[in-house]
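Heads up, the thing below is written out as structure tokens.
For the single chain, residues carry numbers from 1 onward in sequence order.
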Amino acid sequence: MKKIILFADPGIDDSIAIIYALMHPEIEVLAIVSSYGNVTKQKAVDNAAFLLMEAGFPSLPMIGGTNSPLSGETPEYYPEIHGADGLGPLSPPPYKGHLNNFSDLYDILHAHSDITIVDIGRNTALAHLFLLGSDIEPHIKDIFLMGGAFFVPGNVTPSAEANFYGDPVAANIVLSRFTPIYIIPLNVTSKAVITPHHIQEIEAASSHPLIPIIKDLMKYYTEAYQTLIPGIEGAPLHDVLTLYLMINPEAGRYVRRAVTVFMEGEGKGTSIADFRPGSRSRLGDPAICLEFDVQAFVEDFILTISSSTGGRRKREGRS
């Protein structure tokens, strides 16, 4: 069982990832940190709270993250992808319940010795975790980041992926402060496409109360992607893939290289690593995912979301 703290900015993709993490029998979510990114921090908190309530985890610690990047710039949002409130056709009510303090993260970390941190949004809150805390590294097993783009165009500029572009200062802080780090970049996550046919398979196999929500989110998300990328059959679940590879490391192929993120100018947010023939890794370099087993990912997603009892279910043949 993987114990994780999930940093997110839901967002449709992040929301599906939250549901996947809650339903996966090999993941124990210790807390969710909601920050600005795809939407404002407040909307991210509202969306995360809505999902936790609908999934039956109303008491799971939810922590308010950050409002804006370390640069002080005004965040950019993408309603054309995620909708005005971040959940496509859904508009969750404002959250009126208890929101844990950011400092509670240190209590959670010190209560465990093998936590995996998964950051599927801007890295601002995670950078603050290192900048404000001390003696936390021994309690963190590893970090998985969805971010960066290598060998392909970015999705917010010709060279930059949205998470690293949103706060390149924070990305560099995280990359320099901890090891081991696993980067799941845009050029890989773009292949994690879930189609309407896959959603139909899930719907036919399960009557879980979250299925209608997933169906509505994926319909909106797929239509948005089909407008952006004519001919695409579905929508890529960038953030779900990051969780999948955390649980199934054998399904990915990695290379270790130092990574730098440009912090200003036309190249802002661009992630750079040396992939030239003869280039070598150094001890502590991040592991960059280059490819993964697409079919195994799709099968795992269908199986996980089709579960009728969520994270309490154990897969046949696994403990």
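Partner of L145 under the side-chain contact (heavy atoms from CB on, under 4.5 Å) criterion, chosen from T242, V259, N123: N123. Each of L52, L87, L90, D14 was checked for a side-chain contact (heavy atoms from CB on, under 4.5 Å) with N47, and the lone residue meeting it is L87. Test V240, I214, T222, V298 against I194 for side-chain contact (heavy atoms from CB on, under 4.5 Å) and you get one pass: V298.
Residues Y36 and T124 have side chains that bring a donor and an acceptor to within less than 3.5 angstrom of each other. Looking only at atom types and distance, the side chain of Y77 has no donor-acceptor partner in the side chain of D9 under 3.5 Å away.
Residues V39 and G11 share a closest heavy-atom pair of CG2-N, 4.2 Å. Of all the heavy atoms in P10 and I18, the pair that sits closest is CG-CD1, 4.1 Å.
For R280, there are no salt bridge (charged side-chain N to carboxylate O under 4.0 Å, His left out) partners two or more places apart in sequence or in a different chain.
The stretch residues 88-127 participates, sequence neighbours left out, in these ring-ring contact (aromatic ring centres under 6.0 Å, His included) pairs: H110-H139. Contacts classified as salt bridge (Lys or Arg N to Asp or Glu O under 4.0 Å) and involving residues 67-88 (residues at least two apart or in different chains) are given here: K43-D85, E73-K268.
Looking at heavy atoms from C-beta onward, L60 lies in side-chain contact with L22 at the 4.5 angstrom threshold. Using a 4.5 Å heavy-atom cutoff, the side chains of E299 and D293 are not in contact.
Rounding to the nearest 0.5 Å gives a distance of 11.5 Å between CD1 of I32 and CZ of F7.
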Please test Y182 against Y254 for ring pair (Phe, Tyr, Trp, His ring centres under 6.0 Å), starting from the C-alpha separation and ending with a verdict. CA-CA 9 Å; Y182 298 84; Y254 297 82; 5.8 Å; yes

Show your working on ring pair (Phe, Tyr, Trp, His ring centres under 6.0 Å) between F275 and F151 and close with a plain yes or no. CA-CA 10 Å; F275 295 106; F151 314 116; 4.7 Å; yes

Yes or no on side chain to side chain contact (heavy atoms under 4.5 Å, CB included) for N248 and F297, after CA distance, side-chain angles and deciding distance? CA-CA 9 Å; N248 301 279; F297 163 75; over 6 Å; no

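Annotation for K219: atom NZ does not count as buried by contact number, only 12 or fewer foreign heavy atoms lying within 6.0 Å. The 12-atom threshold is not exceeded at CZ of F262, counting heavy atoms of other residues, nucleotides or ligands nearer than 6.0 Å. Counted within 6.0 Å of CD on E28, heavy atoms from surrounding residues, nucleotides or ligands total more than 12; the atom is thus considered enclosed.
For the pair R122 and F164, the cation does not sit on the ring face, since its NZ or CZ is not both under 6.0 Å from the ring centre and inside 45° of the axis.
Put simply, V174 and L70 are part of two different groups of oily side chains (I, L, V, M, F, W, Y) that touch within less than 4.5 Å, one to the next.
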